[in-house]
Amino acid sequence: MKFASAPLSFGGLVAFALGCHVSLGFMTPGLLSTAPAASKVRFVGAPSSTGVRSKSSVLCMSDDDDDDFGFEDDDALSKLIGKRDVIRATKEDAPPPSPSTDARADEEISEPKDLDLSDLDFENLPEFKTKRPTRAPKKSKEDKKKKDDEAEDDTINYMDYMADYDDENEFHIPNRIGFGTAAWGDEKKGFKAGKKLKKKAKKAGRYLAGDLQISYDTLMESGIVFADTSESYGRALEKKSLSAEHILGRCVDENVRVDPLVASTFANPWMHILEGGGVRFGRRGVVNALEQTCERLGVSGVELYQVPSALYLGFPNALADGLSECLDKGLCNYVGVCNMGKLRMKSMARKMDKRGASLTSNQFKFSLTNRKAWKSGLIDACKDLGVIPIAHTPLDGGLATGVYTNTNPSGGKAGGKFPYELKTLNKWQPLTSMMQTVQSKVKTRLQRESREENSRYKRGAQPPNINTDVTTTQIAINYVVAKGCVPIPGVKTVAQAEEVLGCLGWGLNDEEVQLL
């Protein structure tokens, strides 16, 4: 080794030797790791005794290019080396972990077989909640409205425009209008058993049980809740459970939002025999018939049960006894008769009074084209006895609708058949012309009343939605109402149901009734 020409003092040699010791690789990796990560390594010349660096290179470390470690840091370096040796000695003297302890700890964690869970109440465990809040998408106004609607009661509150009507007795029929089911389940009247219809069948006026369900829902949810049926309607399909009572019972089960007022009628005993239903007689025959009706309807009882005026086998009081027993058993709430004249109706009313019951209704034909019940005084007699007059066939099979005229015998149907002879249409031509006149007058009146009603309501409030575009068919139905009867037009399609609903909320005044 060749040294610089300048003589070195003893202190300079020691410092030089120590610098060489560090720079020649005796610095351990542990000590190197204590240096800052950003340190840079470079070689510098060793200083001479005169303060001048020699040409020999010395390894130094710095945090940047401008700051070098001087010789005054030798003591700090020694301290770091000493700390390193202490840490190594501590690790070497520490005892190794016990494998049995670790195994036992793992066993206790992975296999908790020794835990006593007999006293743990699993049903009342506290609910685990995290600190992080759950995030949910913002609900739209439609979702909030839907949720509010679902929270409300499913029961529908319909409008009863005749709530203040002076009823004949305690049995109140909302809106004083009902509907009949004479065509339900009757293939001769267009009913089709099945689930689908071809276009040709639809054009021909055929309908399914599903169509009847929609019609039923449309009427019920708008305030027409009185449904009239009979065990004789659709009897041909009774074995297939498609009679009128079977279908009506399914409609009631499907729509639980409205409670209907169901009325059924005891079949004509002689027609019942001809149709293969067997012979009925005596008090028990009436009770058995109503029990079978309730079974087909799927209910424990009906609101109103009616018996016809036909001759019945048994004692003279058999019908009254049978109706009285039906009331006592809770099979019905009210009883009535069908097609009975004034004398027989009064006789039946007296018999029911003797048995502690009352006669509630009498159902008969009445329409604009069939006014016999009015002319004979039957309607007035019902009012005097406190009996509700119910008018079946209030449209007289379509003749009283005002749709069929001598100039329009097909009722506006292209290629349609003529249901009535021209001779019959000529006879009723004055009435149909007057119906059109009254229709125009009613439209004008209702539109004026509607404007006045809207002006009385505050901004944002909505008045009742009453039909102002009335038809001659609706004129015919409300004429029956104006005469004090409860019309029950037959309904089998949605269009017919909407036609009946168009009668609600308005009526004919005395002048209009007089014109008709």
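What you are looking at is a predicted structure, and each value in this text was computed from that prediction instead of being measured.
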Please check if atom [atom1] in [X] has more than 12 non-hydrogen atoms from other residues, nucleotides or ligands closer than 6.0 Å.
X: Asp353; atom1: CG; answer: yes
X: Lys383; atom1: NZ; answer: yes
X: Glu449; atom1: CD; answer: yes
X: Lys329; atom1: NZ; answer: yes

Contact check, side chains of [X] and [Y], non-hydrogen atoms, under 4.5 Å:
X: Leu197; Y: Leu208; result: yes
X: Val258; Y: Tyr158; result: yes
X: His392; Y: Ile488; result: yes
X: Leu212; Y: Phe191; result: yes
X: Asn268; Y: Ser232; result: no
X: Pro174; Y: Leu261; result: yes
X: Tyr404; Y: Leu399; result: no
X: Pro308; Y: Phe266; result: yes

Can you tell me how far the [atom1] atom of [X] sits from the [atom2] atom of [Y], to the nearest 0.5 Å?
X: Trp428; Y: Met435; atom1: CH2; atom2: CE; answer: 11.0 Å
X: Glu254; Y: Ile214; atom1: CD; atom2: CD1; answer: 11.5 Å
X: Cys326; Y: Glu291; atom1: SG; atom2: CD; answer: 7.5 Å
X: Asp384; Y: Lys346; atom1: CG; atom2: NZ; answer: 7.5 Å
X: Phe179; Y: Ile224; atom1: CZ; atom2: CD1; answer: 9.0 Å
X: Leu359; Y: Met345; atom1: CG; atom2: CE; answer: 7.5 Å

Which heavy atom in [X] sits nearest to a heavy atom in [Y], and how many Å separate them?
X: Glu231; Y: Ala267; result: OE2-N, 2.8 Å
X: Asp259; Y: Val225; result: O-CB, 4.4 Å
X: Lys192; Y: Arg206; result: CD-NH2, 3.6 Å
X: Leu395; Y: Ala476; result: CD2-CB, 3.9 Å
X: Ser309; Y: Asn339; result: OG-O, 3.2 Å
X: Glu245; Y: Ser264; result: OE2-OG, 2.8 Å

Main chain of [Y], side chain of [X]: is a donor-acceptor contact present, judged purely on distance under 3.5 Å?
X: Glu512; Y: Val438; value: no
X: Asp160; Y: Asn175; value: yes
X: Ser440; Y: Thr437; value: no
X: Arg445; Y: Leu508; value: no
X: Asn169; Y: Thr360; value: yes
X: Trp506; Y: Gly502; value: yes
X: Ser324; Y: Ala320; value: no
X: Ser347; Y: Leu343; value: no
X: Ser450; Y: Leu446; value: no
X: Asn362; Y: Pro389; value: no

Q.
The test is side-chain contact (heavy atoms from CB on, under 4.5 Å); show your working for Asp228 and Tyr233 and say whether it passes.
A. CA-CA 11 Å; Asp228 178 76; Tyr233 297 162; 4.2 Å; yes

**Q.** Option passing side-chain contact (heavy atoms from CB on, under 4.5 Å) with Thr405 (candidates Leu422, Asn426, Thr432, Leu425)
**A.**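 The single option meeting the side-chain contact (heavy atoms from CB on, under 4.5 Å) with Thr405 is Thr432.
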
Q. Is it true that Asp380 and Lys342 have a side-chain N and a carboxylate O under 4.0 angstrom from each other?
A.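 Salt bridge flag = no for Lys342 with Asp380.
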
**Q.** Under 3.5 Å side-chain donor-acceptor pair for Ser215 and Gln496
**A.**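 The criterion, which ignores hydrogens and geometry beyond distance, is not satisfied for Gln496 and Ser215.
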
Q: Would you please test Asp217 and Gln213 for side chain to side chain donor-acceptor pair (under 3.5 Å) and show each step?
A: CA-CA 6 Å; Asp217 295 341; Gln213 177 72 62; 3.0 Å; yes

Q | side-chain contact (heavy atoms from CB on, under 4.5 Å) evaluation trace for Val335 with Met352 | A | CA-CA 9 Å; Val335 294; Met352 296 307 300; 3.8 Å; yes

Q | Pairing residues for Thr265 by the side chain to side chain donor-acceptor pair (under 3.5 Å) criterion, not counting sequence neighbours | A |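 If we apply the side chain to side chain donor-acceptor pair (under 3.5 Å) test to Thr265, skipping adjacent residues, the hits are Gln306.
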
Q: Can you tell me which residue pairs pass the side-chain hydrogen bond (donor to acceptor under 3.5 Å, both in side chains) test with a partner in residues 467-485, sequence neighbours excluded?
A: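 Residue pairs passing side-chain hydrogen bond (donor to acceptor under 3.5 Å, both in side chains), neighbours aside: Arg371-Tyr479, Lys443-Asp469, Asn467-Gln474, Thr471-Glu499.
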
Q: Could you walk me through whether Leu327 and Cys332 pass side-chain contact (heavy atoms from CB on, under 4.5 Å), step by step?
A: CA-CA 6 Å; Leu327 289 170; Cys332 60; 3.8 Å; yes

(Q) Using the salt bridge (Lys or Arg N to Asp or Glu O under 4.0 Å) definition, which of the options Arg355, Lys351, Arg284 pairs with Asp321? (A)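 Result: among Arg355, Lys351, Arg284, Arg355 is the only option passing the salt bridge (Lys or Arg N to Asp or Glu O under 4.0 Å) with Asp321.
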
Q.
Assess the residue pair Asp211 and Lys492 against the criterion (side-chain contact (heavy atoms from CB on, under 4.5 Å)); give the C-alpha distance rounded to whole Å, side-chain angles, the decisive distance to 0.1 Å, and a yes or no.
A. CA-CA 7 Å; Asp211 300 323; Lys492 57 186 179 182; over 6 Å; no

